[in-house]
Amino acid sequence: MGRPLAINGDAAIALAWKQVNPDVVAAYPITPQTIMVEAFSDYVADGQVDTEYICAESEHSAMSICIGASAAGARVATATASAGLALMWEMLYIAASMRTPIVMAIANRTLSGPINIHCDHSDTMGARDSGWVQLYGENVQEAYDNTIMAFRIAENMKVRLPVMTCIDGFIITHALERLETLDDQVVEDFIGLYQATRPLLDIGNPTTYGPIALPDYFYEIKYQQAVAMGSVAAVTKEVMADYAKVSGRRYKLVEGYRTEDADHVVVAMGSTSGTLRHVVDRMRERGSKVGSVKIRLFRPFPSEELAAILKGKKGVAVMDRALSPGTGGALYSDVLQSIHDIPDAPKVTNYIYGLGGRDVMPEQLEGVFEEVMAGNGERINFMGVRI
Amino acid sequence: MGRPLAINGDAAIALAWKQVNPDVVAAYPITPQTIMVEAFSDYVADGQVDTEYICAESEHSAMSICIGASAAGARVATATASAGLALMWEMLYIAASMRTPIVMAIANRTLSGPINIHCDHSDTMGARDSGWVQLYGENVQEAYDNTIMAFRIAENMKVRLPVMTCIDGFIITHALERLETLDDQVVEDFIGLYQATRPLLDIGNPTTYGPIALPDYFYEIKYQQAVAMGSVAAVTKEVMADYAKVSGRRYKLVEGYRTEDADHVVVAMGSTSGTLRHVVDRMRERGSKVGSVKIRLFRPFPSEELAAILKGKKGVAVMDRALSPGTGGALYSDVLQSIHDIPDAPKVTNYIYGLGGRDVMPEQLEGVFEEVMAGNGERINFMGVRI
Amino acid sequence: MATDKPVVVATATGCFEVATTIYPFSSWEVPWIHTAFENAPATISGVESAYKVLRRKGLLDQEIKFVAFGGDGATYDIGLQSLSGAIERGHDFLYVCLNNEAYMNTGIQRSGATERGASTTTCPAGTCIPGKREFPKDLTKIIIAHDPPYAAQASPHNWKDLVTKSGKGFDIQGPAFINVISPCPRGWRHDGSLTIAIAKLAVETCVWPLYEFENGTWRLTGESLRIAEGSREKKPVLEWMRSQGRFRHLLNGEHTALVEEIQQSVDANWERLVKLCRL
Amino acid sequence: MATDKPVVVATATGCFEVATTIYPFSSWEVPWIHTAFENAPATISGVESAYKVLRRKGLLDQEIKFVAFGGDGATYDIGLQSLSGAIERGHDFLYVCLNNEAYMNTGIQRSGATERGASTTTCPAGTCIPGKREFPKDLTKIIIAHDPPYAAQASPHNWKDLVTKSGKGFDIQGPAFINVISPCPRGWRHDGSLTIAIAKLAVETCVWPLYEFENGTWRLTGESLRIAEGSREKKPVLEWMRSQGRFRHLLNGEHTALVEEIQQSVDANWERLVKLCRL
Amino acid sequence: MANERSEELPAGGMITDVGNSKNYKTGEWRSQRPEVDKDKCTNCLFCWIYCPDNSIIVEDEKMVGFKYSHCKGCGICAHQCPAKAITMKEEGL
Amino acid sequence: MANERSEELPAGGMITDVGNSKNYKTGEWRSQRPEVDKDKCTNCLFCWIYCPDNSIIVEDEKMVGFKYSHCKGCGICAHQCPAKAITMKEEGL
Amino acid sequence: MSTIEIRWHGRGGQGVVTANEILAGAALKEGRYIKAFPEFGPERMGAPIRAFARISDEPINIHSQVYYPDVVLVIDPTLLKVGNVVEGLKEDGTVIANFPEDNVKLGEVVDRKEKVHAVNATRIAMEEIGRPLTNTAMLGALVKVTGVVGIESIIEEMESKMSSKLSEEMMAKNLRAIRRAYEEVQ
Amino acid sequence: MSTIEIRWHGRGGQGVVTANEILAGAALKEGRYIKAFPEFGPERMGAPIRAFARISDEPINIHSQVYYPDVVLVIDPTLLKVGNVVEGLKEDGTVIANFPEDNVKLGEVVDRKEKVHAVNATRIAMEEIGRPLTNTAMLGALVKVTGVVGIESIIEEMESKMSSKLSEEMMAKNLRAIRRAYEEVQ
Ligand SMILES: Cc1ncc(C[n+]2csc(CCOP(=O)(O)OP(=O)(O)O)c2C)c(N)n1
Ligand SMILES: Cc1ncc(C[n+]2csc(CCOP(=O)(O)OP(=O)(O)O)c2C)c(N)n1
Ligand code: SF4
Ligand code: SF4
Ligand code: SF4
Ligand code: SF4
């Protein structure tokens with residue numbers, strides 16, 4: 001295992017790519033993803049990877065290139081954020097339904113407008129129906145670890161789906177943290193050789209990719225995606241177990257923190273999960289029986305795992321870093337779905353927060369806990385906005 | 001009031017546009033929306049409207065043109081479907097956050113892949129966070145009526161948000177039905193003159209549209225959208241009441257059918273709502289106490305209205321004509337949010353159906369009722385697919 | 001196919017794609033991919049890049065050629081940028097535009113390639129507006145302005161010329177482009193059996209000159225060369241318009257000025273082209 | 001502004017946009033709109049269309065001019081199609097490309113306008129690859145291939161030329177295009193005070209000739225005209241490269257062949273341009 | 001047709017059995033059929049080049065007839081044949 | 001700054017009080033300041049044309065000084081001045 | 001409910017969709033509610049296609065395709081050999097087909113005894129219109145057999161809907177075809 | 001928890017972010033956990049900016065900006081007049097500023113009595129480096145006053161992180177500036 005590095009989230013992902021050495025990377029720059037493609041460009045210019053690195057003329061083309069390359073038989077990675085993800089939105093669904101196991105890093109940034117380069121989750125929340133697996137990392141270490149695990153998950157024969165690994169823009173992409181790395185050889189062995197299925201470049205076994213499917217077949221083909229998604233949780237657990245062996249770091253799909261004996265729990269994704277643990281510790285010191293939950297795998301949503309944690313709690317709040325104007329947050333919806341069936345379901349409220357990079361203060365999260373403990377709070381609440 | 005016409009859904013919308021006589025229409029053709037733009041092109045070529053009609057070179061540009069025109073001070077309409085909506089996805093959020101009251105007709109069609117020109121709701125479901133108001137029409141009459149009402153809703157000073165009016169591709173867009181029309185003058189009076197706020201073309205009062213907003217202001221500006229959405233339900237009710245006066249047709253945000261005394265209820269949107277009523281009648285004849293609910297306003301989601309209907313029911317099923325791989329349907333989520341707080345909440349199951357134009361047979365819907373009545377059915381079910 | 005090497009094909013959404021692959025059937029006996037409407041150049045860029053790296057890594061030893069097809073909508077309008085980007089990056093592929101001068105797959109809507117005056121479903125000839133008001137984009141020239149190693153215009157009626165050009169397009173290293181006029185009976189409103197004859201007329205009237213641009217040099221070919229040399233007559237555009245229903249409304253005597261304007265524009269473009277070929 | 005009529009401005013995302021409007025501040029005293037990165041031409045198309053219809057309806061009586069600004073990323077790459085479409089449709093507006101030859105707003109990434117050999121953060125000069133491998137797109141030529149009523153290249157150092165061209169761009173009916181070279185100290189790695197001097201050098205070396213295309217005719221202007229006439233010396237490209245850090249890695253003697261290739265390409269383009277202006 | 005279950009189909013809508021549209025008999029859609037008069041035919045193969053459906057049968061570089069299973073009856077071959085050797089006939093019942 | 005409440009702001013992020021960036025004093029960011037020697041100055045106004053921040057003050061077609069509240073100290077004016085009338089000085093505390 | 005459901009069988013390009021819409025338009029003229037639509041798919045010249053109509057005195061809620069038609073209408077006799085045109089036809093449903101022989105023969109082909117009606121629409125069309133366009137003629141046969149709408153409504157709708165598309169001469173020919181089929185259907 | 005939170009005040013282009021990262025890198029070298037990041041916004045030459053560092057013996061969970069710093073570090077004396085640099089500073093927090101006068105005077109400017117440390121970093125930078133680049137010198141002052149990391153770790157990190165960016169001569173000058181500020185901070 002290498003020496004720990006002081007490195008930011010973007011550079012950590014570029015480093016993971018370097019170790020994975022993908023066949024093709026096609027991308028378009030956008031803040032706060034740029035450090036990834038820039039750092040990776042340095043590896044390319046210095047011949048440290050074999051990758052064919054393509055600067056596309058737009059994100060729509062970047063994703064189209066990735067799909068073409070993946071169908072052709074290459075291992076493919078890319079990265080984007082915000083407007084970039086928005087511009088390739090059409091192609092996201094196509095990548096997933098063509099079953100191209102592309103791995104894409106997302107530096108979460110809010111969607112315009114107003115235009116703003118900072119973090120919220122509106123970009124990836126908007127892609128939650130696209131059929132991509134979504135993993136969220138809390139910090140630089142997880143940015144790196146998720147990237148490496150993502151290739152194994154995406155390429156698993158039961159899955160064969162593209163994977164997004166998301167980290168909070170600036171908060172993680174541009175922050176220097178301590179990173180424990182794996183040796184190059186360990187990464188190489190962990191991900192293994194890429195085996196394409198019926199690649200286009202297999203001239204001897206010509207394959208037709210992307211025909212039109214009319215009502216007589218469409219649903220059957222689409223349903224395969226539901227089945228593939230159905231196997232992601234189990235595959236991811238396997239991959240995480242293997243990863244623990246080589247890294248010593250053991251991850252779960254959903255991670256409860258001091259939840260066993262907690263009465264009140266707050267659920268979040270991304271960097272806020274860390275701040276939440278800090279707050280839980282502070283409040284525990286003061287005797288409050290609180291806990292927190294971090295969602296690492298957001299698509300497919302690990303309903304059972306979450307329900308097992310939330311069962312019997314007195315009150316739960318869900319933090320959504322994105323607004324769906326006219327209804328509650330996306331994470332909130334999935335939490336409600338997860339507990340709808342269980343007998344001892346808690347009451348759950350929703351907090352929209354941190355839009356456009358509005359910083360999250362520990363005091364505010366304490367406030368959320370306090371509202372949950374008091375049984376106050378509307379069904380949908382807005383945290384930290386000057387109303 | 002004009003004589004009833006035999007007309008399809010697309011042509012009915014083009015007719016409504018003709019009566020509204022928007023200043024600018026910019027669009028790009030895509031099946032099954034094409035009849036709208038074609039029929040409207042005929043009105044333009046024959047000088048029956050004053051509209052500046054623009055054939056954009058892509059949907060991304062079409063929506064950008066609409067935004068520019070709306071900001072400039074024009075009343076604007078457009079239409080698209082599927083891949084077209086996907087390609088303008090980035091601009092949807094911008095249209096909403098810039099508060100441009102564009103009215104867009106959607107001929108619901110599934111998103112690729114596989115590519116398929118037929119109906120499901122994956123396109124508009126994927127845009128449900130974009131900040132657009134979404135109205136769903138069941139048939140040709142509603143396609144027409146919703147289009148006219150949409151201008152009033154969009155342009156209301158409390159709202160000032162873009163509105164999508166959605167109808168099922170082919171099933172409604174390409175089906176001839178009976179349409180009762182309003183006289184041109186009635187439409188003109190109903191929608192009134194368009195009053196722009198600080199339009200770009202007001203040279204004397206120059207305005208800056210679309211600045212960058214950093215974390216210090218972004219959230220406040222975004223929150224205004226939540227507030228505007230918050231006023232949509234009331235405004236829409238008002239508009240519907242006014243519309244009833246001129247048309248005799250009285251609409252609601254959410255329409256229950258034989259739900260008062262029903263034990264079991266199925267919820268749906270679009271053309272399936274009609275087939276459901278047919279099924280409810282059939283089952284009522286056989287003595288089953290069943291009812292159905294049609295969601296007309298999907299964004300903002302009319303939670304209170306729906307909760308009032310579902311309260312105390314023994315079982316509810318929600319029909320989603322779109323798949324969010326890895327979780328339940330979008331409509332299902334919103335139904336769960338709506339009833340989460342009410343004391344007497346029913347158990348709700350979810351049925352994914354009709355993807356890629358798979359036809360919906362009354363027998364299948366009876367099957368859903370039967371499962372609900374028997375308390376069977378998984379949380380998420382797939383109807384009509386060959387598994 | 002004008003190459004004996006194995007070929008991988010990408011196709012944009014459009015008539016050609018829909019007509020050849022309706023699940024579970026496929027007419028393609030070579031590897032083929034369709035992803036969307038506006039991105040065939042990007043898709044083939046990805047395939048070609050995979051090829052380059054797999055060759056470099058020694059995982060593939062066959063030489064393969066790459067070709068992408070798109071209609072005029074896919075090429076002149078919604079996919080222009082994708083094509084421009086792929087050319088700028090220098091991928092090694094042949095792009096063939098099947099130009100039927102409108103969006104045919106969706107029912108004859110106007111495209112950037114539709115000719116001035118033509119009636120389509122989104123620029124119909126009405127009582128106030130006589131068909132399309134704008135002149136078409138000259139896409140071949142736009143592509144040539146990218147300075148690719150090879151670009152050409154061709155027509156199916158002169159298939160030898162077309163095959164020669166395709167051969168060059170395949171052989172040359174780097175991006176190559178061929179714009180093929182593709183008459184469409186339904187869209188242009190002519191009898192289906194006249195398809196080839198009408199393509200020929202496009203060339204004979206200089207509405208669609210045959211030429212190529214190879215490593216910086218312009219050259220007329222086929223009938224166009226003979227017209228420029230004077231060994232063949234240049235037919236009036238009116239003949240072209242008369243052959244197709246989409247121009248019918250222009251022929252009632254009310255629009256002679258417009259017809260004249262169109263003839264002038266065809267003449268001016270032709271003269272410019274002849275000059276470029278003499279440079 | 002080179003017009004005395006009221007002007008409405010659209011700007012693409014990029015340095016110019018970010019530098020002038022950070023909420024709640026705006027430097028613009030005329031109506032101004034920004035919607036996204038790749039669509040300033042479409043946005044201004046919409047504004048201009050609204051203008052046309054409101055004038056037609058008698059709701060507006062003032063004559064207004066429309067201008068859109070975009071960086072080279074916004075114009076050569078991601079927004080090319082939007083521009084091409086707006087030109088094809090014939091909207092009445094002036095488009096100005098502020099070409100600093102890379103994506104500066106996001107930190108100096110390669111664009112289609114970046115010169116061969118230049119080092120950027122996505123085509124860095126490394127031990128294996130000496131900066132950008134492809135020649136830049138010749139966007140002005142691509143736009144001219146659309147046959148707009150007016151198109152030109154300009155440079156800020158010759159502001160009279162720039163103002164004259166802008167004036168023409170505003171006055172002419174229909175779409176006009178001006179491509180302005182815009183040296184960027186941070187991206188090109190030169191001292192900020194040399195900005196104007198370096199722009200001049202671009203013209204003097206014929207890396208960036210000044211010319212215009214007006215109603216079908218090509219014409220050299222400013223220093224470029226004088227170079228073509230022989231009354232002014234054409235400087236070697238090496239001088240251009242020496243003035244900026246982004247080419248530094250080419251000057252260590254290892255890359256003379258590449259430098260020579262770049263000089264040849266500049267020469268060839270210059271000669272072609274001179275010929276076109278003589279047509 | 002169209003009765004395979006989801007899990008029986010290759011993933012992602014791939015068609016692995018390519019060129020199978022040969023099995024899709026578009027000839028059924030024809031309303032006019034081409035017929036050749038081999039006495040007039042010069043075997044120039046123009047019909048073969050121009051046929052959009054690949055429905056001219058060529059053996060030993062000679063035109064020998066039509067693949068009626070696929071020929072859609074468009075009439076291009078008849079129009080292009082320089083020898084006027086092909087005529088289009090109304091398709092019988 | 002940045003304390004207005006959501007409802008106090010114009011809708012949609014519009015800025016209605018345009019040209020207000022004049023109130024945003026970018027001059028504070030300067031580390032070098034231009035100074036002019038009017039004895040050398042020929043009032044050719046090149047500095048005015050080239051200044052990217054509109055910070056040259058011109059009165060009666062004469063160059064009279066700098067708007068230090070906005071001048072960012074880029075030095076272009078000094079470099080462009082044909083009379084070498086402008087020099088850049090280290091900004092004091 | 002007094003809803004009648006009709007299914008057409010024809011080929012792409014034979015005008016099934018148009019005829020179906022004329023039927024619906026005629027019904028509307030009589031004050032009825034309607035729903036008329038083709039089976040959706042890419043339109044290909046010559047490929048077998050189907051179209052559906054519902055006609056009712058009350059608003060029509062159901063939007064599904066017609067699976068259990070009251071009437072099956074076959075406008076191209078070659079389709080009687082391809083696929084099963086009477087699939088789902090109600091027990092007491094009616095078959096009307098363009099068929100050159102008699103009802104008994106037709107009954108054998110479609111394996112139905114009752115309510116089977118042949119009309120030689122191809123001959124009528126060839127004789128009246130000069131081309132084998134049988135769609136309009138079949139409307140005549142349909143209204144005669146079922147009475148779902150009156151023949152005058154059909155003719156009125158033909159005239160208002162098609163007059164901009166057909167020459168006067170063509171219109172007259174088509175109307176003759178309709179009337180003849182009305183008379184000749186067995 | 002042994003976490004120290006530091007807030008930098010400087011201007012765009014003065015190297016605050018780099019210096020903050022060197023600090024974090026040095027702490028990492030000593031086996032600590034770190035989190036270093038600027039206040040995010042568009043980077044504009046000369047505009048006031050802030051940067052934050054957390055250094056801890058244990059993994060750092062909190063990702064918020066630093067609102068209640070232990071140490072405030074002002075690298076440009078002009079900023080002492082603009083805005084409130086001690087905002088949120090803990091009661092017993094430390095101020096270290098580039099300031100040409102003494103601690104008492106500085107204390108008056110920032111309105112704090114204790115733990116106020118001036119260092120004339122501008123002079124040091126001008127004399128050692130020849131340009132008013134005070135970011136590195138301020139690192140010397142910081143580690144002297146707080147002992148958060150050893151000066152040798154700072155120097156090691158400078159050398160490993162910056163050697164590809166600085167000439168040997170520049171490196172030596174910067175190291176001298178660090179050492180001098182370490183000595184001279186009051
Ligand atoms: C983003 C997007 N917009 C619109 C469509 C609908 N569409 C599919 S094919 C087509 C037209 C194709 O025209 P062209 O490229 O000229 O090819 P042709 O069909 O004429 O051969 C259109 C508009 C689509 N598939 N995707
Ligand atoms: C769809 C999309 N992709 C990427 C970006 C990120 N982005 C904003 S500005 C910019 C570069 C601008 O470059 P250019 O157009 O050359 O203008 P400059 O900043 O150099 O003036 C990029 C990549 C974006 N805003 N939207
Ligand atoms: S085109 Fe005519 S002559 Fe030539 S091979 Fe065909 S049938 Fe024979
Ligand atoms: S009629 Fe058409 S499809 Fe048939 S053989 Fe001739 S050219 Fe081919
Ligand atoms: S450029 Fe120099 S000489 Fe000219 S006006 Fe400015 S200061 Fe005076
Ligand atoms: S230094 Fe720069 S900003 Fe200041 S006046 Fe001179 S040119 Fe303008």
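Residue contact with chain C, scored on non-hydrogen atoms closer than 4.5 Å, involves the backbone and the side chain of D:I78 alike. No part of C:I144 comes within reach of chain D, as not one of its non-hydrogen atoms sits under 4.5 angstrom from that chain.
In this view, C:F135 satisfies the ring-ring contact (aromatic ring centres under 6.0 Å, His included) rule with no residue, not counting sequence neighbours.
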Only pairs under 3.5 Å, no angle test: what donor-acceptor pairs are there between chain C and chain D?
residue: C:D77; atom: O; partner: D:Q81; partner atom: NE2; Å: 3.4
residue: C:I78; atom: O; partner: D:Q81; partner atom: NE2; Å: 2.8
residue: C:L80; atom: N; partner: D:Q81; partner atom: OE1; Å: 3.1
residue: C:Q81; atom: N; partner: D:Q81; partner atom: OE1; Å: 2.8
residue: C:Q81; atom: OE1; partner: D:L80; partner atom: N; Å: 3.1
residue: C:Q81; atom: OE1; partner: D:Q81; partner atom: N; Å: 2.8
residue: C:Q81; atom: NE2; partner: D:D77; partner atom: O; Å: 3.4
residue: C:Q81; atom: NE2; partner: D:I78; partner atom: O; Å: 2.7
residue: C:S84; atom: OG; partner: D:K137; partner atom: NZ; Å: 2.7
residue: C:E88; atom: OE1; partner: D:R110; partner atom: NH1; Å: 3.4
residue: C:E88; atom: OE1; partner: D:R110; partner atom: NH2; Å: 3.3
residue: C:E88; atom: OE2; partner: D:R110; partner atom: NH2; Å: 3.0
residue: C:E88; atom: OE2; partner: D:K132; partner atom: NZ; Å: 3.2
residue: C:R110; atom: NH1; partner: D:E88; partner atom: OE1; Å: 3.4
residue: C:R110; atom: NH2; partner: D:E88; partner atom: OE1; Å: 3.4
residue: C:R110; atom: NH2; partner: D:E88; partner atom: OE2; Å: 3.0
residue: C:K132; atom: NZ; partner: D:E88; partner atom: OE2; Å: 3.2
residue: C:K137; atom: NZ; partner: D:S84; partner atom: OG; Å: 2.7
residue: C:D147; atom: OD2; partner: D:R272; partner atom: NH2; Å: 3.2
residue: C:R272; atom: NH2; partner: D:D147; partner atom: OD2; Å: 3.2

